[in-house]
Amino acid sequence: MDENYINKLSIETFKILQSGKYDVAESNFKKIIELDPNNIFALNNLGNLFLLKKKYNDSLILFDQILKIKPEYAKALVNKANCLTNLNQNNEALKYYKKALNLRPDFINVFYDQGNCLLKLNRYEEALICYKKILDTKPNFYKAINNQGLCFENLHKFEEALSCYKKTIELNPNFAEALVNKGNCFQKLHLFNEAILSYKKAIQINPNLNSAISNLGQLQLLLGNYKEGWKNYESRKQISGLNTYLTFDNNIEWLGDKNLKGKYIYISTEQGLGDYIQFCRYLPMIKELGANIILNIPKQLIPLIDSMNLDYIKMKEFDKKKFYYHCSIMSLPLAFKTLLNNVPNKTPYFFTPENQKNYWKKKLGSKLKKRIGLHWSGNAKNPYEKYRKIDLEKLTKILDLPFEFHSLDIKYNEADLKIMKKYKNLTCHKNEILGFEKTAGLIESMDLVICIDSGILHLCGALNKATWLLLPFKPDFRWLLDSEDSPWYPSIKIFRQTKQNNWEDVIEKVSVELTNLQF
């Protein structure tokens, strides 16, 4: 092994790496490692290069190799942690950030990475401590200040959050992401004009900032400006990791502008089950255009989509090369030029299988009291969950009323179980409602459903079941503002929070209306 040759090649390769010639640098680092398998310099730099290329698993192998050679090599510990955060293994990443900082407390920038990791884990108070440590040394580190704002916002300390975004923008007026965050914060405070101005300013700085365009679109939809809103909402497709939108080589995206008669079009799934339920109403309209429809329906919804008597082809049975057009199911409102006055809202468009109706009729038996379905928590992984869910304890004022209640939830925490033991008029059906067609059968048996904003809510709407929606202060774009009804689902009545996190007033209003309700 020629050490002089390796040292010379290492210096040259590092310069090549800095010049941005990554492929040449990668080849050279591999050559060095071949000559000297324990060369930490080459292993570390090749690992960082793989990080840049988003080849995270390849990076991990190299950093692990370094740590076998030198277990307390702080740079490799940090780099491994960065790999793990990119792989969403954030709890594991924290261990390596902490170990690196114990070895090298002077690695000030690592506090920023650690803070970001904690932010991903929703550990906002701890993240703020990390950002403070780096800002004590680097008070103008604007990205850390911006992320402080995100922590405060998630802690519902909106004034502190806005102050952080303002300071970030003062330090770097071209940091468009802070303007987007500022706009999001304004939205949560119902300061919609200020939010629009923030998004538009961000777009002026960076016309390709898809988060700004998409968020502006969602706000426009919330405010009823469907013409501009649907167009801007299309930018969501370019936001990495936020959707499951599929693109296909050699196929054309259809957005209502091309003749579909006799053509095969693939309608792809996007986002959650509730979204699919809401927008599948457009599928018969595509059929009316003479198209042959190919679908990849979420498994849970197949029986209910089949109840629409729609002639379609399953994606797995079809050769991808044969279809000419594709469209995301959430782009169909744009394709059909949907405005508030022409929303296709004929319901029901889902129909419960007869065997499920009969099952629940037999299961529930004779009705002695009015039956009300309750759904108070959704998917915990949904970022919207922290705003929409309601602790069952807060619903006890409703449970005290003389009705027969049936849970539409499947998962329960300990607090839920304690309350359910106390209230004998609340029945939990657990595995009997696994499967949306089974849930639909129970819903059909109810006189009324009281529900948070979730897939179950959309199912109720598609079935045309009388439903009361309990909506957070910052509503999703589809529910508009102020109104008690929905242009999408005629059977839904909306009860809105008038203050952030205040469910008490909503539940009081629901309780009064239930007491006076004539079924």
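Take K430 and apply the salt bridge (charged side-chain N to carboxylate O under 4.0 Å, His left out) test, not counting sequence neighbours, and it matches no residue. Listed by chain and residue number, nothing satisfies the salt bridge (charged side-chain N to carboxylate O under 4.0 Å, His left out) test with R496 (two or more places apart in sequence, or in another chain). In this view, E513 and K493 satisfy the salt bridge (charged side-chain N to carboxylate O under 4.0 Å, His left out) rule, not counting sequence neighbours.
Between the side chains of N232 and Q220, at least one donor-acceptor pair of N or O atoms lies under 3.5 Å. No side-chain donor from either of Y349 and S307 sits under 3.5 Å from a side-chain acceptor of the other.
Contact check on R236 versus E234 returns a salt bridge, with a Lys/Arg side-chain nitrogen under 4.0 Å from an Asp/Glu carboxylate oxygen. The residues K261 and E288 are annotated as not salt-bridged, no charged nitrogen and carboxylate oxygen being separated by less than 4.0 angstrom. Using a 4.0 Å cut-off between charged nitrogen and carboxylate oxygen, K397 and E508 count as a salt-bridge pair. Salt-bridge formation is detected for the pair K188/E153: a Lys NZ or Arg NE/NH1/NH2 atom is positioned less than 4.0 Å from an Asp or Glu carboxylate oxygen.
For the atom pair OG (S268) and CG (N296), the distance works out to 6.5 Å, reported to the nearest 0.5 Å.
With ring centers used as reference points, Y266 lies 6.0 Å or more from W254. Note: W468 and H375 fail the aromatic proximity criterion, with ring centroids not under 6.0 Å apart.
Closest of all the heavy-atom pairs between D275 and M330 is OD1-CE, 3.6 Å. Nearest heavy-atom pair across L332 and Y282 is CD1-CB, 3.6 Å. The shortest non-hydrogen separation linking T439 to I433 is OG1-O, 2.8 Å.
Remark: the backbone N or O of L84 is not paired with any side-chain donor or acceptor of Q89 at under 3.5 angstrom. Looking only at distances, no side-chain donor or acceptor of S235 sits under 3.5 Å from a matching main-chain atom of S214. Within the 3.5 Å criterion, the main-chain N or O of D400 finds no donor-acceptor partner in the side chain of Y423.
Surrounding NZ of K394 are more than 12 heavy atoms belonging to other residues, nucleotides or ligands, all under 6.0 Å away. Heavy atoms from other residues, nucleotides or ligands lying under 6.0 Å from NZ of K367 number more than 12.
Among N147, N146, N215, the single residue meeting the side chain to side chain donor-acceptor pair (under 3.5 Å) criterion with N181 is N146. Considering N82, D113, N116 in turn, N82 is the only one that fulfils the side chain to side chain donor-acceptor pair (under 3.5 Å) rule with Y97.
A cation-pi arrangement is absent between R388 and Y384, since the terminal nitrogen or guanidinium carbon is not both under 6.0 Å from the aromatic centre and inside a 45° cone about the axis. Cation-pi geometry between R281 and Y489 is met: the NZ or CZ atom falls under 6.0 Å from the ring centre, inside 45° of the normal. At least one test fails for K157 against the ring of F152: distance under 6.0 Å to the centre or angle within 45° of the axis.
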Could you walk me through whether K287 and D311 pass salt bridge (charged side-chain N to carboxylate O under 4.0 Å, His left out), step by step?
CA-CA 8 Å; K287 198 68 187 174; D311 184 20; 3.7 Å; yes
Given H406 and W360, is the ring pair (Phe, Tyr, Trp, His ring centres under 6.0 Å) satisfied, shown in steps?
CA-CA 12 Å; H406 294 266; W360 287 105; 8.0 Å; no
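Using cut-offs of 30° and 60° for the angle between ring planes, the W230 and Y226 rings count as perpendicular.
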